[in-house]
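Here the structure comes first, spelled out in structure tokens, and everything after it is commentary.
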Amino acid sequence: MYSEIVMDHFTNPRNTGVIENADGVGEVGNPQCGDMMTFYIKVKDDTLVDVKFQTFGCVAAIAVSSMVSEMAKGKNLEEAKKINNKQVAEVLGGLPPNKLHCSNLGAEALTLAIRNYQDKQAGAAAAPTPGKQEGEKHS
């Protein structure tokens, strides 16, 4: 039913856990099957230097989360955002048709974490420094 790759990532998931003070967090869930995924990312110089996840779900959901974290780590943000469900399923050696939605969840959670990071960066760039008025000069 599942490929050896899926079973390996299920029984030995990579990159599990939480990144304290993560630069971005993305969470998705599918109420129909009960799968929940949360991705945490650490970014340096526009590159994903660390990716971790917490997943509550089936064999496929855990394997997908593990594989997506492996695929994303070391990629720049634009490359990582291009990871899609079809690629994930292919790299895992295929998923049963009724489990393909899990590959969507993994790619979506990663994209949401990246978007969260980018939104924070845009907000930080737009916000004035606390304690200073715009245009105020300090010596």
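No hydrogens, no waters, no symmetry mates; every other heavy atom, side chains included, goes into these values.
- With contacts defined as side-chain heavy-atom distances shorter than 4.5 Å, the pair I41/V43 qualifies.
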Derivation and outcome, side-chain contact (heavy atoms from CB on, under 4.5 Å), residues L77 and Q118:
CA-CA 9 Å; L77 298 177; Q118 290 174 324; 4.1 Å; yes

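- What you find for Q87 and I83 is that their closest heavy atoms are OE1-CA, 3.1 Å.
- Between R14 and H9 the shortest side-chain heavy-atom distance falls below 4.5 Å.
- Within the 4.5 Å cutoff, side-chain heavy atoms of V59 are placed close to those of Y2.
- Side chains of S69 and K52 form no contact here, defined as non-hydrogen atoms less than 4.5 Å apart.
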As a quick check of understanding, evaluate side-chain contact (heavy atoms from CB on, under 4.5 Å) for Y117 and K120, giving each step before the final call.
CA-CA 5 Å; Y117 165 74; K120 286 180 185 179; 5.6 Å; no

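- At a threshold of 4.5 Å between non-hydrogen side-chain atoms, the residues F56 and I62 do not count as touching.
- Judged by distance alone, the side chains of Y40 and Q54 do bring a donor and an acceptor atom under 3.5 Å apart.
- Pairing each heavy atom of L95 with each of A60, the nearest pair is CD2-CB, 4.1 Å.
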What verdict does the side-chain contact (heavy atoms from CB on, under 4.5 Å) test give for T55 and D35, after you've listed the backbone C-alpha separation in whole Å, the side-chain angles of each residue and the deciding distance to 0.1 Å?
CA-CA 7 Å; T55 294; D35 292 335; 5.9 Å; no

Taking it one step at a time, do K73 and D50 satisfy salt bridge (charged side-chain N to carboxylate O under 4.0 Å, His left out)?
CA-CA 6 Å; K73 197 181 276 191; D50 199 6; 3.6 Å; yes

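- Contact check for I5 versus M67: side-chain heavy atoms found under the 4.5 Å cut-off.
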side-chain contact (heavy atoms from CB on, under 4.5 Å) for N85 and L100? Distances and angles first, verdict last.
CA-CA 8 Å; N85 59 326; L100 281 174; over 6 Å; no

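- Test L48, I19, V51 against K42 for side chain to side chain contact (heavy atoms under 4.5 Å, CB included) and you get one pass: I19.
- In plain terms, the two heavy atoms of V68 and A107 that are nearest each other are CG2-N, 4.2 Å.
- With respect to the salt-bridge test (charged N to carboxylate O, under 4.0 angstrom), the residues K82 and E79 do not qualify.
- Counting heavy atoms from C-beta outward, V64 and L105 have side chains that stay 4.5 Å or more apart.
- F10 has its side chain out of reach of C58: every pair of non-hydrogen atoms, C-beta onward, lies at least 4.5 Å apart.
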